[in-house]
There are 2 protein chains.
Amino acid sequence: MKLKDPEKVELIFAATLRLVRDNNLTALNMAAIGKEAKLGMGTIYGYFKSKDELINSLFKKLKGKNLDRIYAGLSPDAPFKVNMKKLVDNYIDNRVRYFSEHYFVEQCANSHFLDEEARAINQNSYTRLFELLNRGKNELLVKDIDNALLAAHMVGSANELVNICIAAHRPLTRDFLDQAFLLCWDAIKR
Amino acid sequence: MKLKDPEKVELIFAATLRLVRDNNLTALNMAAIGKEAKLGMGTIYGYFKSKDELINSLFKKLKGKNLDRIYAGLSPDAPFKVNMKKLVDNYIDNRVRYFSEHYFVEQCANSHFLDEEARAINQNSYTRLFELLNRGKNELLVKDIDNALLAAHMVGSANELVNICIAAHRPLTRDFLDQAFLLCWDAIKR
DNA sequence: TTCTTTACTGAATAAATATTCCATTAAATT
DNA sequence: AATTTAATGGAATATTTATTCAGTAAAGAA
């Protein structure tokens with residue numbers, strides 16, 4: 001007998017990401033996914049039981065993958081500021097490099113598609129950043145301001161910086177990353 | 001004869017804003033708007049020729065209104081930092097006070113609904129901020145970094161701060177506004 | 001008050017889109 | 001090579017949602 005092809009899921013995911021990048025989540029439909037992935041619509045339903053499940057499944061996969069990448073290379077032994085620079089670099093670089101993934105995640109977060117579990121995952125994404133900020137406060141390097149505020153400032157700023165970068169087809173230079181970090185660091189430093 | 005009631009448009013707009021605030025733009029439909037506004041579906045088509053026109057029309061109205069409010073009370077005679085504080089205060093206060101309006105605008109910007117004109121309006125919203133930042137640079141108060149980067153940092157940060165504020169049902173205190181401005185000012189100041 | 005005109009309603013229709021179904025195809029097993 | 005089993009494609013169907021339309025109600029004019 002023929003076995004389900006594990007690569008097809010990736011094909012479907014990749015097609016979905018391209019479609020959302022080019023036409024927004026609001027315009028996504030199953031016929032388009034089938035066409036883009038060069039698969040029959042029925043095939044998609046062999047891998048996902050509904051459009052909602054497909055979207056949630058991709059969302060959860062991306063959310064985990066992206067979080068891992070963002071915190072890669074941080075070390076408790078390195079000085080706080082070095083870790084912070086690494087984090088901001090990772091964050092911006094990842095967001096540009098995997099733009100369509102982040103764009104999809106963002107669109108999902110603002111949609112009615114996500115289930116309870118996906119929403120919970122989305123909430124927890126700040127946990128590791130809060131831990132890092134606490135260390136900065138212990139070392140008297142970071143302003144004594146609520147972590148939620150500090151994190152919002154960093155993340156909001158970085159996201160918008162990347163959006164501009166993408167919209168203007170501006171390549172991601174070392175200079176850009178350094179300037180972005182300068183803004184971020186001056187903001188949060190005590 | 002009976003005359004078209006100009007208040008109905010406002011009724012429809014208000015219903016749309018409530019629905020999008022509670023259920024996202026992705027779930028918005030004409031039947032729901034009719035029900036929420038206590039109007040027949042056909043009535044809505046007396047005021048707008050399609051769902052798309054309704055959305056674009058509301059988007060354009062809000063975009064102009066919100067921009068005016070944000071720059072209200074700024075004066076070329078006041079010191080740069082005072083204007084900047086006023087701007088950030090206005091921006092955050094407005095975003096919290098008229099959250100459903102901003103939320104709608106944001107969801108539209110990430111949808112396939114907007115027409116050419118609406119997209120153009122959305123682009124120009126940074127113009128006045130750029131002028132203000134140029135003044136800050138002339139007075140050697142602001143870092144010599146591309147306006148687009150500075151603006152992205154300010155706006156992105158402020159938006160995310162407000163989102164947190166709303167999500168946590170945190171009231172908008174003077175303290176919060178001062179801390180938000182402190183982060184913002186330290187970031188951009190030379 | 002009656003007539004005329006236009007707005008209003010919401011059920012009926014059209015259009016878009018999700019999901020199912022089955023004939024066909026392809027891989028594994030014998 | 002024949003048989004079996006499951007995956008595949010895409011037309012057919014179901015569902016959802018936008019739009020229209022015919023009957024009704026309301027406001028102004030005569």
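Below, chain A is the first sequence line, B the second, and so on; all start at residue 1. Hydrogens, waters and symmetry mates play no part in the numbers below; they use all other heavy atoms, side chains included.
- Each of D/dA11, D/dT20, D/dA7 was ranked by its minimum atom distance to the side chain of B/Y45; first place goes to D/dT20.
- Under the 4.5 Å side-chain criterion, counting only non-hydrogen atoms from C-beta, A/L87 is in contact with A/L74.
- As rounded to whole Å, 17 Å separates atom P of C/dA15 from atom CG of A/N29.
- No side-chain donor-acceptor contact under 3.5 Å links B/R119 and B/N122.
- A/L3 has its CG atom 8 Å from the C1' atom of D/dA6, to the nearest Å.
- For the pair A/Y47 and D/dA7, the criterion of a side-chain N or O lying under 4.0 Å from OP1 or OP2 is not met.
- For A/T43, taking side-chain heavy atoms from C-beta onward, the closest of the listed nucleotides D/dT19, D/dG9, D/dA11 is D/dG9.
- Counting only N and O atoms by type, the side chains of B/Y71 and B/N83 include no donor and acceptor under 3.5 Å apart.
- Distances were taken from every side-chain heavy atom of A/L39 (C-beta onward) to each of D/dT8, D/dG9, C/dT19; the shortest belongs to D/dG9.
- Out of D/dT8, C/dT19, C/dC8, the shortest distance to the side chain of B/K8 is found at C/dC8.
- Stacking of A/R170 on the aromatic ring of A/F176 is not recorded, the 6.0 Å distance cut-off and the 45° axial limit not both being met.
- Here the P atom of nucleotide C/dA18 and the NZ atom of A/K51 are 4 Å apart, to the nearest Å.
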